[in-house]
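Accompanying notes for the structure given below.
Any value given below was found using the heavy atoms of this structure, including those in side chains, with hydrogens, waters and symmetry copies removed. Quick caveat, the model's predicted, so the values are computed rather than measured. To find a chain, count down the sequence lines: A is the first, B the second, and so on, and within it residues start at 1.
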Amino acid sequence: MQPILEIQNVSKRFRISHQTGGYLSLRERMVNALKFEKSSIEDFWALDNVSFTVSPGESIGIIGRNGAGKSTLLKVLSKITPPTKGKIISRGRIASLLEVGTGFHPELTGRENIFFNGSLLGMKRKEIESKFDEIVDFSGVEKFLDTPLKHYSSGMQLRLAFAVAAFLEPEILIIDEVLAVGDAEFQKKCIGKMEDVSRSGRTILFVSHQLGLVNELCQKAILLESGRLLQQGKTPDVVDHYTQLYNTDNTFAKALVDEAKPYSIKRIRSLNANYAPASNFAHDESVVLEVVFFARQLLRNTHIMVSVNNKIGQRIFSTDLPLEQMRVFTDAENRVSVTIPRATLTPGNYSFFIALHCPNTAGYDVLDRVCPIAVYDNGSEFVQYENRWFYGDVFVNCKWDYKSDKDALEQ
Amino acid sequence: MAEVYEDVIDSSRRGLFNWKELWRNQELFYFFTWRDIKIKYKQTVLGFLWAVLQPLLMMLIFTLFLGRALNLPDQTLPYPVYVFSGLIIWNIFSTGLTNAANSMVNNALIIKKIYFPRLIIPVSSILVAVFDFLMAFVLFALVLVYYQQPVSINALVYWPASLLTSIMATLGLGCWLAALNVKYRDFRYVIPFLVQVLFFLTPIIYPASLIDYPYLQYVLAASPMYAAVEFFRFPLTSVMANPTLVYISLSANALLLLIGVVYFRRTEDYFADLA
């Protein structure tokens, strides 16, 4: 089968002029022409020799850091800006949603905006007319259809905008993080719609920072870094590679050991299940925290406590171990590690509190907010709430029971 | 699949215009024009009446002040009819040019987020001016009746020709300025000035015969709207201007159209990066 989209050695160059501000003015042009020296222009390659192909029906996630070239790639694919080098062959109707509600005008009514926006997105007038009722139904703004858009709440505008886009029927759909807005209920509706689109055999290219969502919606993914295509393949592998790539060394180490303290912490780092240093974890991966401490003298009733802080520094939970339970040597580096079970921490950023202490009496060495780690969603049941609804810092396996009045009657 | 078309974006080959693509997007011409007309008259009490009132008021002002002061020699037309006929065809150019020149910048947000042939934007903004013209034309007919002005049957040829010539003039200069405006915002300030100068250089409110120097007449005929105005008045006066002057104007018109459209096309691809 022929690929529906072929991207061949595509590069895109932007010229950064160091003299002008935002845009050129004629005066500057003329002044520059009179000068002998060339104005300093720097080339910036937003895309550098990117090639890949997409088969019909595939959903492809495009991931990478900010500035990696994701949006530029989408713009080139949607023909908004031409590539500097290379060639793109597409075999199907492309619709791109780089934002929802493009061309919405505040003075026009909801009805008028549906028609104008739909037409911009490439729908024929007859198509819009035939889907009009469904669009209105999906948006839930039928009462305000003949009210100018400027009187809509921002949520209503968004719903209307997405409703139009949802009824597009292109062969290739290009989406740029448009889902990152709106209330939770509406988001669910949108994601459901996207799943429908991908299930109906259409091709989707989807840019997102929400790794969980990419994981859920796309079977394949490509990873961009500084305009280059770093990896392509199955989504979990690419997401894995991506998170490994940005595993920063978060080791906390003290160069000097305080001689006066009976116990002092020398080093703390986080490891993955294979005991390799890591700072990015999938939510279903266990997190290992390794603490190395130095003991000058052994004191009775000494505990080591590790607590997890959430991103605003609140303590979520702690774990405490009396040192009597392990063998501790004086004048030596003692290594202790604690494992946080998989699927405990919800996606987000965390740091640690570590204390070597005598409970309620003395703190020999205390460190707070060290060793930051990030947890990303690898397809949890809460993925739909990602970045939209804060559902807590920990996953807890709860038991549900259900009973109805009618149960008793039927028995 | 009913329709499978292959679309190739190739950085090394770029044609002039993709006519097939323009044809495919014909509805967008309509929707952009429709939107601009709607927005133009939203929240106005008089609505479309403004399209008629503007040239009418201008006609009254020019008749009251200029018509008397100029002390025009033997007129074949009553001065109000003369001014009105010039004004309504001129307004296509002045409104259309101003709209078109600012159209790309005004629609920058759309240009950055979605692709369609960019030519649709300036063309639609000119069509808005044509719509105003058609509204004003109704009033023009009433003015003709009021002054019992005979109209030659050749109006059926000359009026459409005049309309077409003025659209061409507006499109050429409009596209050029629209593209330049995206690159250099200086042109935003040039446009009103340019329209004003051309207004006085084109025989709208005074007859070209008022100018004594024949050489100057040749220069003034280079105004792309000269021929359009002459065409529009011909069925009323039955006096055609010097054919040489008309040819000069038409050539200037065609040249501007070519320059404007080619320049627009050459910079079109980069609008999203610059806007």
Side-chain angles (χ1 to χ4, degrees), chain A residues 2 6-12 14-15 22-29 56 75-99 101-109 112-113 115-126 148 171 176, chain B residues 1-14 18 21 24-36 38-44 105-118 120 180-190 268-275:
Chain A
Q2 253 190 330
E6 283 180 59
I7 289 95
Q8 300 170 352
N9 309 92
V10 166
S11 298
K12 172 76 185 175
F14 285 108
R15 287 242 147 100
Y23 45 83
L24 301 158
S25 88
L26 203 56
R27 181 177 56 86
E28 285 162 51
R29 251 297 154 88
K75 278 194 172 178
V76 170
L77 290 180
S78 346
K79 287 172 90 168
I80 291 168
T81 181
T84 313
K85 288 185 205 161
K87 196 171 163 182
I88 295 156
I89 305 169
S90 55
R91 301 188 178 89
R93 204 164 83 138
I94 297 186
S96 50
L97 287 175
L98 301 197
E99 108 191 316
T102 310
F104 264 25
H105 199 284
E107 296 288 349
L108 296 180
T109 66
E112 290 162 346
N113 270 308
F115 274 94
F116 184 65
N117 181 245
S119 172
L120 263 184
L121 291 172
M123 285 158 110
K124 293 270 164 279
R125 190 183 173 164
K126 282 212 178 104
E171 278 111 38
D176 191 4
Chain B
M1 233 168 273
E3 178 193 18
V4 177
Y5 52 77
E6 212 178 272
D7 203 356
V8 179
I9 310 172
D10 193 339
S11 60
S12 54
R13 277 190 310 131
R14 241 168 251 150
N18 188 342
E21 193 181 57
R24 249 191 345 245
N25 284 288
Q26 49 174 311
E27 279 188 350
L28 262 186
F29 284 99
Y30 165 78
F31 273 113
F32 263 101
T33 312
W34 169 82
R35 180 198 69 163
D36 286 350
K38 283 249 169 180
I39 292 167
K40 193 169 174 183
Y41 298 111
K42 273 269 153 104
Q43 257 194 19
T44 56
V105 175
N106 289 345
N107 288 298
L109 285 179
I110 298 179
I111 292 169
K112 283 180 174 187
K113 293 293 179 189
I114 213 144
Y115 175 77
F116 50 87
R118 305 309 191 197
I120 291 173
L180 283 169
N181 205 1
V182 173
K183 234 174 165 177
Y184 312 104
R185 297 293 150 88
D186 307 68
F187 281 92
R188 198 168 7 182
Y189 308 105
V190 173
E268 166 180 50
D269 287 339
Y270 298 95
F271 286 162
D273 298 343
L274 292 168

Measure [X] against the heavy atoms of chain B and call it side chain, backbone, both or neither at under 4.5 Å.
X       : answer
A:Phe14 : side chain
A:Ser78 : backbone
A:Val76 : backbone

Is there a side-chain contact (heavy atoms from CB on, under 4.5 Å) between B:Lys42 and A:Thr109 once you walk through the steps?
CA-CA 10 Å; B:Lys42 273 269 153 104; A:Thr109 66; 4.2 Å; yes

For a side-chain contact (heavy atoms from CB on, under 4.5 Å) check, start with the C-alpha distance between B:Lys112 and A:Thr102, then their side-chain angles and the critical distance, and finish with the verdict.
CA-CA 10 Å; B:Lys112 283 180 174 187; A:Thr102 310; over 6 Å; no

Partner of B:Glu27 by side chain to side chain contact (heavy atoms under 4.5 Å, CB included), out of A:Arg125, A:Lys126, A:Met123
A:Arg125

Chain A shares the most heavy-atom pairs under 4.5 Å, among B:Arg35, B:Lys38, B:Arg118, with B:Arg35

Quick check for you: among B:Ile120, B:Ile39, B:Leu109, which has the greatest number of heavy-atom pairs under 4.5 Å with chain A?
B:Ile39

In Å and rounded to the nearest 0.5 Å, what is the [atom1] to [atom2] distance from [X] to [Y]?
X        : Y        : atom1 : atom2 : value
A:Lys124 : B:Arg24  : NZ    : CZ    : 8.0 Å
B:Phe116 : A:Ile80  : CZ    : CD1   : 9.5 Å
A:Phe116 : B:Leu28  : CZ    : CG    : 7.0 Å
B:Ile114 : A:Asn117 : CD1   : CG    : 7.0 Å
A:Leu108 : B:Trp34  : CG    : CH2   : 6.0 Å

Taking side chain as everything from C-beta outward and backbone as N, CA, C, O, which of these in [X] sits under 4.5 Å from a heavy atom of chain A? Side chain, backbone, both or neither.
X        : answer
B:Tyr30  : side chain
B:Phe31  : both
B:Lys113 : both

Between A:Lys79, A:Glu107, A:Lys75, which has the largest tally of heavy atom pairs under 4.5 Å with chain B?
A:Lys79

